[in-house]
Amino acid sequence: MLASELVTTDFPVLKPGDPLHKAVDVFLDYCICHVPVVSENGFEGILPVDLLMDIPDRGKLISDFKNDYIHVNAYLDQHGLDVFEIMARYELTALPVLDGNQHYAGCISSSSLMKTLSEYYSFKQAGGIIDLSVGIRDYNLSEISRIVESNNAKILILYLDTDEENALFKITLKIDTLDLSHILATFERFKYAVTYFYPATEQKEELKDRYDLLMKMFDI
């Protein structure tokens, strides 16, 4: 998934000579707080419209607020995870994308990015969640994978975070099964600290009951 697969060319843009009220209209019509400013010379920056809503003179030009521009963008050949990281770091609702010649190619909205990610198999597939805590020096991805796969399951998603103060990795796994009992037992046998898991046994039974009820409804 590259930025070129996520970018849209019909995203609203502003010109430096546009009045502020046009930016406000974009904000209200599209629920977008960050709008690209593009001149004849190319991409100039992102206008954070939400920070300018209280300015009474809506006739001021966009160029009057160039000191407020956010100077960040992605490129067409960047991976979607890079796009996600940039948008999260700068808390953006939209990210402009440039081509290899620094020309403005379009924009990626946070809503379209979330929709695309949600359609990926690993997100759509039902599964259980396990959180582990392990010393940074003890982290062994191949061993974690082997533990899961030895119980006839597969890892759909793995997130890794650090607790630098305690020299720990916090690992979140999404597994392609709701029956976690054997996997949890194996992790505990290998001395992994399991800090959270879902579903628990009673939760799994509740999910099964709901599924059975749904199937009965279809039989009626």
Is the CZ atom of F187 crowded by more than 12 outside heavy atoms at less than 6.0 Å?
-> yes
Locate the shortest heavy-atom distance separating S181 from D179; write the atom from each residue and the value.
-> OG-OD1, 3.0 Å
Kindly compute the distance separating CG (L158) from CD1 (I144), expressed to the nearest 0.5 Å.
-> 6.5 Å
If you measure from OH on Y104 to OG on S39, what distance do you get to the nearest 0.5 Å?
-> 12.5 Å
Could you go through the side chain to side chain contact (heavy atoms under 4.5 Å, CB included) check for V72 and L92 one step at a time?
-> CA-CA 10 Å; V72 64; L92 299 175; 3.8 Å; yes
Can you tell if the side chain of T116 reaches within under 4.5 Å of the side chain of L6, non-hydrogen atoms only?
-> yes
Same cluster or not: are I171 and L168 linked, directly or through other Ile, Leu, Val, Met, Phe, Trp or Tyr residues, by side-chain heavy atoms under 4.5 angstrom apart?
-> no
State yes or no: do I70 and V38 share one hydrophobic cluster built from I, L, V, M, F, W and Y residues joined by side-chain heavy-atom distances below 4.5 Å, directly or via other members?
-> yes
Measure the acute angle between the ring planes of F169 and Y139, then classify it against the limits of 30° and 60° as parallel, tilted or perpendicular.
-> perpendicular
Check whether any side-chain heavy atom of F190 sits under 4.5 Å from a side-chain heavy atom of R146, and report yes or no.
-> no
Supply the atom-to-atom distance I147 CD1 to L184 CG, rounded to the nearest 0.5 angstrom.
-> 11.0 Å
Test item: T93 side-chain N/O and H34 main-chain N/O as donor-acceptor pair under 3.5 Å = yes
Following the transitive rule for hydrophobic clusters with a side-chain heavy-atom cut-off under 4.5 Å over Ile, Leu, Val, Met, Phe, Trp and Tyr, establish whether L160 and V134 coincide in one cluster.
-> yes
State, to 0.1 Å, how close A153 and I175 come at their nearest heavy-atom pair, and which atoms those are.
-> CB-CG2, 3.6 Å
Any donor and acceptor pair, going by atom type alone, linking the side chain of R58 with main-chain N or O of M53 inside 3.5 Å?
-> yes
Beyond-backbone contact of Q78 with I86, side-chain heavy atoms, under 4.5 angstrom = yes
Could you tell me the separation between the NE2 atom of H21 and the CG atom of L28, rounded to the nearest 0.5 Å?
-> 12.5 Å
Does I32 reach the side chain of S109, with side-chain heavy atoms less than 4.5 Å apart?
-> no
Are the side chain of N101 and the backbone N or O of H103 linked by a donor-acceptor pair below 3.5 Å?
-> no
Say whether, by atom type as modelled, one donor and one acceptor occur between the side chain of K174 and the main chain of Q125 under 3.5 angstrom.
-> yes
State which residues pass side chain to side chain donor-acceptor pair (under 3.5 Å) with T172; sequence neighbours excluded, sorted by chain then number.
-> D131
Say you draw a straight line from OG of S110 to NZ of K115; how long is it, rounded to the nearest 0.5 Å?
-> 14.0 Å
Would the number of heavy atoms belonging to other residues, nucleotides or ligands and lying under 6.0 Å from NE2 of H79 be above 12?
-> yes
Give the minimum heavy-atom separation between G128 and P199, together with the two atoms involved.
-> CA-CD, 4.1 Å
Answer yes or no: are there more than 12 heavy-atom neighbours, outside Y30 itself, under 6.0 Å from its atom OH?
-> no
T162 side chain to E164 main-chain N or O, any donor-acceptor pair under 3.5 Å?
-> no
So, E188 side chain and A185 main chain: donor-acceptor pair closer than 3.5 Å or not?
-> no
Find the distance between CZ (F43) and NE2 (H71) and round it off to the nearest 0.5 Å.
-> 8.0 Å
Short question: side chain of S145, backbone of S142 - any donor-acceptor pair under 3.5 Å?
-> no
Determine whether I130 and L141 fall in the same hydrophobic cluster, where Ile, Leu, Val, Met, Phe, Trp and Tyr are linked whenever their side-chain heavy atoms lie under 4.5 Å apart.
-> yes
So do E85 and D82 actually touch side chain to side chain, heavy atoms under 4.5 Å?
-> no
Joint hydrophobic cluster, I55 plus I62, side-chain heavy atoms closer than 4.5 Å = yes
